[in-house]
Amino acid sequence: MSDYLQITTVADSQEVAVRLARSAVAARLAASAQVVGPATSIYWHLGELGTGQEWQAVLKTTASRWPALRAHLLSEHPWDNPEVTAVEIVDAPEAYFDWLKRTVAPAD
C-alpha cells in the first residue's frame, strides 16, 4: 500500500461534511480536506432504490494515520453506516508528500 491516501465520505448537508472535514484536519488526522457538492446520488438503502443530494468530503492522510482517521469519521458521522473509503495516492510531487507527512505527524 502507498504511504499516502485520499479518503472520501459523504453527508446529506454541506454543514455536516464541513464539520467532519474540519474536525479531522483539526485533530491532524488529515492534512487537508475539500468539501464538494451538492451531488445527486443514486443508491440502494434498506432494500429500496433512492435518490438524494449529498456533499462529499475528500481528505488526504498517511497510511499510518488512516486507522485513527477512519475511527474518527465513523464515530463523528451521524449515519449508522457511512461511506468511508480510501484510495492510494500513487504519485505527487515529493514536496507535497513531505508536507502531508509533516502535517499529520502526531505532536510530541
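One is the number of the first residue; the rest follow in order along the sequence.
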Open item on the list: Using the rule that Ile, Leu, Val, Met, Phe, Trp and Tyr join whenever any side-chain heavy atoms are under 4.5 Å apart, tell me whether Val16 and Leu74 fall into a single cluster.
Closed with: yes
Task: Cluster overlap Leu29 with Val104, hydrophobic side-chain contacts below 4.5 Å - done: no
Open item on the list: If I compare all heavy atoms of Trp79 with all of Asp12, which pair ends up nearest, and what's the gap?
Closed with: CZ2-N, 3.5 Å
Open item on the list: Do Val18 and Trp55 land in one hydrophobic cluster if side-chain heavy atoms of ILVMFWY residues count as linked below 4.5 Å?
Closed with: yes
- [ ] Begin with the C-alpha distance, continue with both residues' side-chain angles, and end with the deciding distance and a verdict on side chain to side chain donor-acceptor pair (under 3.5 Å) for Thr62 and Trp66.
- [x] CA-CA 6 Å; Thr62 59; Trp66 165 230; over 6 Å; no
- [ ] State, yes or no, whether a side-chain contact exists between Gln6 and Leu59 at a heavy-atom distance under 4.5 Å.
- [x] no
Task: Arg70 CZ to Leu5 CG distance, which is reported to the nearest 0.5 Å - done: 10.0 Å
Open item on the list: Could you check whether any side-chain heavy atom of Ser23 comes within less than 4.5 Å of a side-chain heavy atom of His72, counting everything from C-beta outward?
Closed with: yes
Task: Leu73 and Ile7, any side-chain heavy atoms less than 4.5 Å apart - done: yes
Open item on the list: Between His77 (side chain only) and Val84 (backbone N and O only), is there a donor and an acceptor less than 3.5 Å apart?
Closed with: no
- [ ] Using a 4.5 Å cut-off on heavy atoms from C-beta on, say whether the side chain of Pro78 contacts that of Arg19.
- [x] yes
TODO: Taking all non-hydrogen atoms of both residues into account, name the closest pair between Ala31 and Val25 and its distance.
DONE: O-CG1, 4.1 Å
- [ ] For residues Ala33 and Ala21, report the shortest heavy-atom separation together with the two atoms involved.
- [x] CB-CB, 3.6 Å
Open item on the list: For a side-chain contact (heavy atoms from CB on, under 4.5 Å) check, start with the C-alpha distance between Asp3 and Phe97, then their side-chain angles and the critical distance, and finish with the verdict.
Closed with: CA-CA 9 Å; Asp3 288 338; Phe97 284 149; over 6 Å; no
Open item on the list: Within the 4.5 Å heavy-atom criterion, are Ser32 and Trp99 side-chain neighbours or not?
Closed with: yes
Task: Whether His45 and Tyr43 hold their rings parallel, tilted or perpendicular, with breakpoints at 30° and 60° - done: perpendicular
Open item on the list: Could you see if Leu69 belongs to whatever hydrophobic cluster contains Val35? Use Ile, Leu, Val, Met, Phe, Trp, Tyr and a side-chain cutoff under 4.5 Å.
Closed with: no
Task: Closest approach of Ala27 to Arg65 (non-hydrogen atoms, all atoms of both residues) - done: O-NH2, 3.7 Å
Open item on the list: Is there a path of hydrophobic side-chain contacts, each under 4.5 Å between heavy atoms of I/L/V/M/F/W/Y residues, joining Tyr4 to Val90?
Closed with: no
- [ ] Using a 4.5 Å cut-off on heavy atoms from C-beta on, say whether the side chain of Gln53 contacts that of Thr40.
- [x] no
Task: Closest contact, heavy atoms only, Arg102 versus Arg28 - done: O-NH1, 4.5 Å
Open item on the list: Within a 6.0 Å radius of atom CG on Asn81, are there more than 12 heavy atoms belonging to other residues, nucleotides or ligands?
Closed with: no
Open item on the list: So which atom in Pro82 and which in Thr9 form the shortest heavy-atom distance, rounded to 0.1 Å?
Closed with: CB-OG1, 4.5 Å
Open item on the list: If we check side chain to side chain donor-acceptor pair (under 3.5 Å) with Ser41, which of these qualifies: Gln56, Glu54, Glu83?
Closed with: Glu54
